[in-house]
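Encoded as structure tokens, the structure appears first; notes follow it.
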Amino acid sequence: MSLGRYVLTRVLVTVPVLLGVTALTFSFLHVLPGDPIDVIVGFRTVSPATEASIRAEYHLDEPLWKQYLLWLRDAIALEFGRSPISGRSVTATIGRRLPATLALGGAAWLLALAIGVPAGIVAAVERGEPADELTRLGALAGIATPNFWLGLILLLVFSVRLGWFRVIPPDAPLASLAMAKFMILPTITLGTASAALVTRLLRSSMRRELDAPYVRTARAKGLRERTVILKHVLRNSLLPVVTVAGLQLAFLVDGAVVVEQIFSWPGMGRLLVRSILQRDYPVIQAAVLVIGVSIVLANLLVDIVYALLDPRIRY
Amino acid sequence: MAGNSGGRDEGRLRRRSLLEGVGALGVTGLAGCIRSNDIEADGPAEELIQEGFEATEIEPPFETTIAITEGTERSRFAELLEVALEDTGFFDVSVSEYKWTTYLDRLNTAAANDANALFIVSWTGGWDPDDYVNVLFHSENHTPDGLNINHYTSDTVDDYIDNGLEETDPDERVDIYRQLQEHLVADSPVSFVRVSEASHVWNADAVSGWRAYPLESGTYNAVYAPWAGVYTDLDGDEFVGDLGSDISATDPVSMNDTASSQATQLVYEGLTGVDFDGSVRPVLAEEWEQLDATTYRFTLRDGVQFHNGEELTADHVKKSFERYEGTPRESDVYDWYETIDIVDDRTMDVHCWREYGPFEKRLFDLPIVPMAAIDGDRDLESEPIGTGPYRFADYQPGDHWRLERFDDYWFGGSEGVPATPPAETVRLEIITEAASRQGALEVGDIDFSSGVPSASLSDLAADDAYGVDRRIGGGFDMVIYPLYHGPFTNELVRRGCNMLIPRRTILEDVYHGLGRPAYVPISPLLEDYTDEAFEERIAEEYVQPT
């Protein structure tokens, strides 16, 4: 099967996956305790007629399967309705948050790779040397540091004490210098653990490759060490890293709640948590769909990169 | 739980609770042959508890749990309570933590499920005494319809609440609510532990003369509220404050969270306002008089313009009120509203279907909106339009909310307050993390914050670079007893527990001294209803016998 056809099949397979994910979320949501009506009316007493009309307005009076189908019908047309809590368009709400999340998640991911890959290579090549120990310590610290702690410390030291950065995002467009500067601390906070993970993973996978017979052969035939490492070993060691990096990409896009809180970042994580607390079903559903799509896309990307890295892999 | 309580409407149907009737009255049982005699009661609290255990024929130690939501404040609170109860020897107490949503569900179903748990909850009332008792203690407000979590049922209390609500004579009301408070403390269905305090902090070089509005929803009245004779001087054209969470809804008929009220405070106006000391002042109404028990004649202020250019008329008022029908907040209006007879453009008679004590204060929370919104041409969720000193400029969800000065505002200036607000724009940054709110204030990203961690307040107050103002507010922390379960069916047990609660320690340890110990249901913010002498008498008699 050619890569093109493979991609097409994968995209098609995505459809039932997303259906499953949204259906599951939908049913879990309704199993959770709490009724959105309570939030909508602010725990006030309303007449039964009013309650019924509010329920009807948001289809909350229909059986569960029907609510899901109604939601699905609209979702296919990318019409996610209005939030019963805020009365605002769900599409617009997500549309505002998604770019912020993608920007921060993407920056953190690039940082993770930019630090993790070189550090991993150095650690593998310099096994047992001080450089290896240093990266090991660094990676351990990076993984072990909870990101809320790291974020608060960075904020206290570099923003509050030293005054190098703002504490809250500036009033500037996302793609601006002021915003890029502000994003430095949240990016470090979010990217550190991933960088550490990539470092350790690449080190161990390269170590395995370095002991392989083909490396000895390559060296024996007089290739420069640099070529051996970067062209042969690294390329062969990248597969597990790519898998994890792909998953991390999806994780960074969705899992930034804590960092968003600390740096007042208007992203998807905070939106999702808040919507769950408020039982804002349409927003939760749409957000879950977006997250589902991002994970599926990340996996697809991983598979494509596999094929590019390793010509033996054909689908 | 947040926001003001809505009232109750007797005319409407409600699901009856299964447990109605099981309530406050203790079960009298045979005393004497019970093992609680083995425990030596130490002090008046333990004597009461012992008596109660004997009456209910329950053998100590009684196993129970304190249910809380996650969070360090709450778990410390629960630990202190746990120790106090266990020290008596009558209780074997554990603490269970729940996620907020699960907790809400536990609260809603506690009585129906006969849950053996004490709950720690917060509640925020407003300017009227009814806010503090109706939704929590009236038998028609049992969960899940209201917030009477332990299904407290007392005809006496119901009568007090109903009479207080339907009484318009101020002195009579004070009498009713004092008797009601004493009755509730004697019966102790819940223990009042702490009254909250509004704590506002600002950068002294940017802001001067800020006054803390006691209720959280009204925080930004301090920017410019000529009707209350209050404004704040600013250095610069922009005032930057903060909000602790996103704004949920900006249409008055669906607005019910603190951040939304704070954000729209300078945009919307009602007929009346409640000033910083709790007095009712005219806002859009120039004056009014009570014609009979249920009718009020209002004269509107002349020349009031909405932000979209419409001129305020009596018709706006009528339609703004009637717009509440069938909406989440309908009880705010239809708890008392019958109709409005329009006399002329500026004069109208408001008819209530019953005599309604909180009437004048309730009008504060009922913004008058333009016809464009009433007819549905303009959506107040995307663009709130009112008559206030500031008009909506833009909102970036999760980021900030911005207002700009409204040049055609009705106020013409007075001795104490300038005709135009000092700040050209008001910007409220949404910052959910308390530490970040303090950080943003310290580096000057914001000029003002209402959510700095309580632990930092004394340091900031001692620093000349900051101004701090604190006012007792309407928020309560309380412990809810499972009235329907075990020894807690007996009021002596509850009263004993009420005495044991280490209020001072909780205030200092958990809240860093922010707020003050509470002994009675109604906040001392409402001075007429809970003055110092009254609170002291009740505390001495029921909570801390000397």
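Per chain, numbering begins at 1; letters A, B, ... match sequence-line order.
- For a residue to count as touching a neighbouring chain, one of its non-hydrogen atoms must lie under 4.5 Å from one of that chain's; by this rule A/I276 touches chain B with the backbone only.
- Here the side chains of A/R274 and B/S245 are in contact, with some heavy-atom distance below 4.5 Å.
- Looking at A/L155 and B/S436, their side chains come closer than 4.5 Å, going by heavy atoms from C-beta outward.
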Quiz item: Could you walk me through whether B/I430 and A/R270 pass the side chain to side chain contact (heavy atoms under 4.5 Å, CB included) check?
Solution: CA-CA 12 Å; B/I430 296 154; A/R270 261 166 68 199; 3.6 Å; yes
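- Contacts of A/L152 with chain B are made by side-chain atoms alone, with heavy-atom separations under 4.5 Å and no backbone atom involved.
- Only the side chain of B/I446 comes within contact range of chain A, with at least one heavy atom under 4.5 Å from a heavy atom of that chain.
- In this structure, chain A has a heavy atom under 4.5 Å from the side chain of B/R427, while its backbone stays farther away.
- Using a 4.5 Å heavy-atom cutoff, the side chains of A/P266 and B/Q396 are not in contact.
- The shortest heavy-atom contact between B/I431 and A/S264 is CG2-OG, 3.2 Å.
- B/S248 touches chain A through backbone and side chain together, each having a heavy atom under 4.5 Å away.
- With a 4.5 Å cut-off on non-hydrogen atoms, B/T327 touches chain A through its backbone but not through its side chain.
- Looking at A/S159, only its backbone comes within 4.5 Å of chain B, counting heavy atoms on both sides.
- How far CD of A/E51 is from CD of B/E330: 10.5 Å, rounded to the nearest 0.5 Å.
- Contacts of B/D379 with chain A are made by side-chain atoms alone, with heavy-atom separations under 4.5 Å and no backbone atom involved.
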Quiz prompt | side chain to side chain contact (heavy atoms under 4.5 Å, CB included) evaluation trace for A/R96 with B/Y395 | solution = CA-CA 11 Å; A/R96 283 216 191 85; B/Y395 171 42; 5.9 Å; no
